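These notes concern the structure reproduced below.
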Amino acid sequence: MGRGSYIPMKSAGEDGFVSVDYFTFSPSIADHLKSASLVISHAGSGSIFETLRLRKPLIVVVNEDLMDNHQSELAEELAERKHLFCARPQTLFNTISEMDTENLVVYEPGDASPVARFINRFLGFST
Amino acid sequence: MIVLGSGGHTAEMINLLAVLQMDRFNPRYYVAAATDNMSLQKARVLESSLRDKDEFVGTSHFMQIYRSREVGQSFITSIGTTLIALTHALWLMFRIRPQVILCNGPGTCIPLCMIAFLFKVFGITSSSIFYIESIARVKRLSLSGLLLYKLRMADQLFVQWPQLKKQYPRSNYVGRLM
């Protein structure tokens, strides 16, 4: 999927098998996220915060083969703060089987007002 | 002047713009890379939602700038495209002469900030440059952030994680924007 060569098989989930569906692009995955009980995502900040905002359990999988790995800093920091779980492709199965979503800490959304106040003060505007 | 970058950068910038009083920051010029399809669109959505809420929010303009370098581009051709990008940035800066420049990371902002800085040095125009490092940068600054920090080109450089404040003491820690 994406730039990869593996294409999963769609399945309706009969005989106790997991149902599988896929799409390559959707303008908004908000509805999918809202109905999910677990989200497994790459480490892009947009994906991470969109999921955390909806307070869904999240496993972030970091691709260690990627040259530019600055994305993993964010995932690791948030995992340390217990807002999500971090995994590598090789450890994903273990992470899912052993994770305890009760221990996750809800991520409180950030606030851009401090920056705005700083900027206003610097420019001499009244705050 | 608000410099937009792809994906996460624009999302963070929109978050910041939503809490700034727009009547003080007017007229607004949104600049995005020519190959970035989504960012200016998101800015337009923000501007129209502002107009729906308030009578006076001022005017907004949307412009594209040539990228110095695309991901994976060869070094030789990068020299040419960087020169083109610099010339375009120069032209934009002359046209707009922004008093305030807001940017948060994409390479798009570097030619603009450098020219703004040179303009200040040569007394052509004086812009306040605010750089907000992306929330994805926890332990190290991005290349853009590092350049602006080391060369002291930004008037204020903001970071979202305390580890960065420790490493770069001249930065301002402002917590998370997202």
Side-chain angles (χ1 to χ4, degrees), chain A residues 2-3 25-30 33 41-55 58 60 62-63 66-81 83-84 86 105-127, chain B residues 5-25 38 41-42 71-72 99-102 104-105 126-143 145 154-164 171-178:
Chain A
R3 267 169 257 175
F25 182 76
S26 170
S28 167
I29 55 170
L33 288 177
S41 163
H42 78 141
S45 62
S47 308
I48 290 177
F49 289 110
E50 202 177 339
T51 308
L52 289 179
R53 217 174 296 138
L54 293 168
R55 304 190 167 201
L58 170 61
V60 172
V62 178
N63 182 356
L66 258 187
M67 285 270 291
D68 174 15
N69 222 359
H70 78 262
Q71 281 191 344
S72 65
E73 280 182 19
L74 177 63
E76 282 158 16
E77 178 68 23
L78 291 172
E80 243 169 86
R81 293 177 179 227
H83 297 303
L84 50 81
C86 242
V105 174
V106 167
Y107 178 77
E108 294 302 331
D111 181 13
S113 318
V115 189
R117 274 197 294 272
F118 216 110
I119 292 175
N120 282 325
R121 232 179 292 137
F122 185 87
L123 295 171
F125 294 147
S126 56
T127 44
Chain B
S6 46
H9 291 291
T10 294
E12 292 184 50
M13 187 57 89
I14 301 278
N15 247 37
L16 171 59
L17 294 170
V19 296
L20 282 175
Q21 270 135 308
M22 292 310 213
D23 55 334
R24 292 172 178 171
F25 297 90
M38 301 290 296
Q41 186 51 30
K42 293 197 181 138
V71 176
Q99 292 170 297
V100 175
I101 300 180
L102 285 180
N104 69 344
S126 190
S127 323
S128 300
I129 301 174
F130 299 105
Y131 180 85
I132 304 108
E133 185 58 280
S134 162
I135 197 169
R137 297 296 181 161
V138 181
K139 302 198 177 105
R140 297 169 307 168
L141 283 183
S142 63
L143 181 58
D155 289 281
Q156 295 291 311
L157 187 136
F158 301 103
V159 295
Q160 302 191 41
W161 296 95
Q163 296 95 314
L164 282 179
S171 66
N172 299 292
Y173 170 59
V174 286
R176 265 68 61 205
L177 264 62
M178 299 278 278

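First the proteins, then the strands, lettered A, B, ... as listed; each starts at 1. The shown structure was predicted, so the numbers you read here are calculated from the model rather than taken from an experiment.
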(request) Side chain from CB out, backbone as N, CA, C, O: work out which of these in Leu123(A) comes under 4.5 Å of a heavy atom of chain B, or both, or neither. (result) side chain
(message) Given heavy-atom pairs under 4.5 angstrom as the criterion, report whether the side chain, backbone, both or neither of Leu52(A) touches chain B.
(response) neither
(request) Look up atom OH in Tyr107(A) and atom CZ in Arg176(B), then write down how far apart they are to the nearest 0.5 Å. (result) 6.0 Å
(message) I need the Phe125(A) CZ to Arg24(B) CZ distance, nearest 0.5 Å.
(response) 6.5 Å
(request) Could you check which of Gln163(B), Gln21(B), Lys139(B), Met38(B) has the highest count of heavy-atom pairs closer than 4.5 Å to chain A? (result) Lys139(B)
(request) For residues Ser113(A) and Val19(B), report the shortest heavy-atom separation together with the two atoms involved. (result) N-CG2, 4.1 Å
(request) Would you sort out whether Phe158(B) and Ile119(A) count as a side chain to side chain contact (heavy atoms under 4.5 Å, CB included), showing the intermediate values? (result) CA-CA 10 Å; Phe158(B) 301 103; Ile119(A) 292 175; 4.1 Å; yes
(request) For residues Ile135(B) and Leu74(A), report the shortest heavy-atom separation together with the two atoms involved. (result) O-CD1, 3.6 Å
(request) Among Leu17(B), Leu16(B), Asn15(B), single out the residue with the greatest number of heavy-atom pairs under 4.5 Å to chain A. (result) Leu16(B)
(request) With rounding to the nearest 0.5 Å, note down the distance linking CD1 in Ile132(B) to CZ in Phe118(A). (result) 11.5 Å
